[in-house]
Amino acid sequence: MSIKNGSMITEFVLLGLTDSPELPLLFMLFLVVYLVTLIGSLGMTVLIRVDSSLHTSMYFFLSNLAFVDLCYTSNATPQMLTNFLSKKKTISFAGCFTQCYVFIALLLTEFYMLAAMAYDRYAAICNPLCYSVKMSRKVCICLATFPYVYGFSDGLFQAILTFCLTFCRSNVINHFYCADPPLTKLSCSDTYMKEHAMLISAAFNLSSSLTITLVSYAFIIAVILQIKSAEGRHKAFSTCGSHMVAVTLFYGTLFCMYVRPPTDKTVEESNTIAVFHTFVNPVLSPLIYSLRNKHVKQDLKNVLRQNMVTKMVMPPLSNKP
């Protein structure tokens, strides 16, 4: 939809996946994926909260990561599912700003939450005797708070830069949520500052958080290789294997999505990659951390078993006075 001269944009049209002829099938698919994500992330968070044996720094960061993943996918999914069923596939200007801001903020938060988890694994494997001191409750809270504060601060700056642009070409966003690159393509004002700020932010945050992660794992691998027994090496590696898989999926999709200038071709390609990053990564994350972790699986079985036993032994409530 083109914009008339002098008119102000009050809403955007989210094109994205809603122009597909397979809308009913897509609706059911993404609804199921979203529900699985909700159950997985909430289940992981509740399990860590109720099971005292999981009250360690590793699971503290994992519960924060599950919360970030849940918020990340919830930021876009309800609006997209609504658009699947609605003829008017629009989002208000304020709603688009909020969605864009929250996406960037949570993305940056996850950068440094994964880096904090890598440092936690480094401290546990490379300095086990000093682990309780290095990863005290105060340190863990500080390491978990920083990603939120930094992410939502830089995210606000990036979102303000985007929405200070003049949108006069069209109000149709070629994406299923309000993302920076397709919004920048709609601007008829100078986007030099915004594009470079976006690239600098992406490059800095990707490189800094990834450097922390890679350096941590370089030390971890060096220590693991010095362990003489195969069983010891396997045990040490199993404590960080899940995190390595999650980091690979997360950074792999991000490099494809954001470390490129927003051209028509890259925006189209990013739509497909964004589906994987927005929906598949969050639903895989609880599965990766739980199915690959014997401790989590055993504690989940124990919690379920205790609940079943409690229900079986509880006497039925009597209606008699």
Side-chain angles (χ1 to χ4, degrees), residues 1-19 71-83 86 88-111 151-206 253-279:
M1 185 185 298
S2 60
I3 304 299
K4 295 179 180 179
N5 291 335
S7 62
M8 225 175 148
I9 289 182
T10 58
E11 63 181 19
F12 291 96
V13 178
L14 293 171
L15 189 60
L17 305 174
T18 58
D19 59 343
C71 293
Y72 190 81
T73 190
S74 296
N75 187 40
T77 307
Q79 178 71 47
M80 191 185 72
L81 292 176
T82 302
N83 288 345
S86 174
K88 189 180 180 183
K89 309 177 190 304
T90 59
I91 184 171
S92 67
F93 188 90
C96 192
F97 173 84
T98 303
Q99 194 178 67
C100 181
Y101 167 45
V102 172
F103 254 109
I104 299 171
L106 291 174
L107 192 66
L108 295 175
T109 301
E110 190 154 356
F111 279 157
F152 279 84
S153 299
D154 191 19
L156 181 61
F157 173 71
Q158 294 295 330
I160 289 174
L161 280 181
T162 300
F163 284 85
C164 281
L165 298 173
T166 303
F167 302 103
C168 56
R169 292 177 181 171
S170 172
N171 69 335
V172 179
I173 301 175
N174 186 19
H175 216 292
F176 60 90
Y177 66 85
C178 292
D180 261 0
L183 278 167
T184 304
K185 290 293 295 179
L186 298 181
S187 175
C188 55
S189 56
D190 185 12
T191 60
Y192 177 86
M193 182 179 292
K194 169 56 193 174
E195 288 182 0
H196 281 75
M198 182 169 60
L199 287 172
I200 290 170
S201 177
F204 170 76
N205 290 301
L206 276 169
T253 53
L254 282 181
F255 273 114
C256 296
M257 282 173 61
Y258 291 109
V259 191
R260 299 177 298 177
T263 63
D264 290 330
K265 184 179 179 181
T266 57
V267 169
E268 287 286 348
E269 292 172 350
S270 293
N271 281 350
T272 305
I273 302 169
V275 170
F276 188 90
H277 181 75
T278 308
F279 297 100

Query - Closest non-hydrogen atom pair between A197 and L161, with its separation - result: CB-CD1, 3.5 Å

Report summary line: Distance col, row H175:NE2 vs K185:NZ, nearest 0.5 angstrom, shows 14.0 Å

Requested in this report: Could you grab the distance from atom OG of S86 to atom CG of L14, nearest 0.5 Å is fine?
Outcome: 11.0 Å

Query raised in the report: At what distance, to the nearest 0.5 angstrom, does CD of Q158 lie from CG of L108?
Result: 8.0 Å

Query raised in the report: Measuring from E195:CD to D190:CG, what's the distance to the nearest 0.5 Å?
Result: 8.5 Å

**Report entry** SG proximity flag C96/C178, limit 2.5 angstrom
**Finding:** yes

Requested in this report: Grab the two heavy atoms, one from D154 and one from S201, that are nearest each other, plus how far apart they are.
Outcome: OD2-OG, 3.1 Å

Requested in this report: To the nearest 0.5 Å, tell me how far E110 CD sits from N205 CG.
Outcome: 13.0 Å

Query - Residue pair T109 / A105: nearest heavy atoms and the distance that separates them - result: OG1-O, 2.7 Å

Query - Minimum heavy-atom distance I9-S170, with the two atoms named - result: CD1-O, 3.9 Å

Query raised in the report: For C188, what residues pass the disulfide (SG to SG under 2.5 Å) criterion, not counting sequence neighbours?
Result: C168

Report task. For S92 and G95, work out which heavy atoms get closest and say how close. Result -> OG-N, 2.9 Å

Query - Side-chain (S187) to main-chain (L183) donor-acceptor, under 3.5 angstrom - result: no

Query raised in the report: Counting N and O atoms only, with roles assigned by atom type, does the side chain of Y101 sit under 3.5 Å from a partner on the main chain of F152, one being a donor and the other an acceptor?
Result: yes

Query raised in the report: Which heavy-atom pair separates A76 from T278 by the least distance, and what is that distance?
Result: CB-CG2, 4.5 Å

Query raised in the report: How are the rings of F103 and Y177 set relative to one another: parallel (under 30°), tilted (30 to 60°) or perpendicular (over 60°)?
Result: parallel

Requested in this report: Side-chain contact test, heavy atoms from C-beta onward, threshold under 4.5 Å: evaluate it for L186 versus N171 and give yes or no.
Outcome: no

Query raised in the report: Parallel, tilted or perpendicular: which fits the ring planes of F93 and F12, with parallel below 30° and perpendicular above 60°?
Result: parallel

Report summary line: Exactly one of T77, N83, N75 clears side-chain hydrogen bond (donor to acceptor under 3.5 Å, both in side chains) with Q79, and that residue is N83

Report task. In sequence, state the C-alpha distance, the side-chain angles, and the governing distance for D180 and K194, and then conclude on side chain to side chain contact (heavy atoms under 4.5 Å, CB included). Result -> CA-CA 9 Å; D180 261 0; K194 169 56 193 174; 2.8 Å; yes

Query - Any donor-acceptor N/O pair, S189 side chain to T166 backbone, under 3.5 Å - result: yes

Query raised in the report: Mind checking whether F176 and L15 have side chains closer than 4.5 Å, heavy atoms only?
Result: no

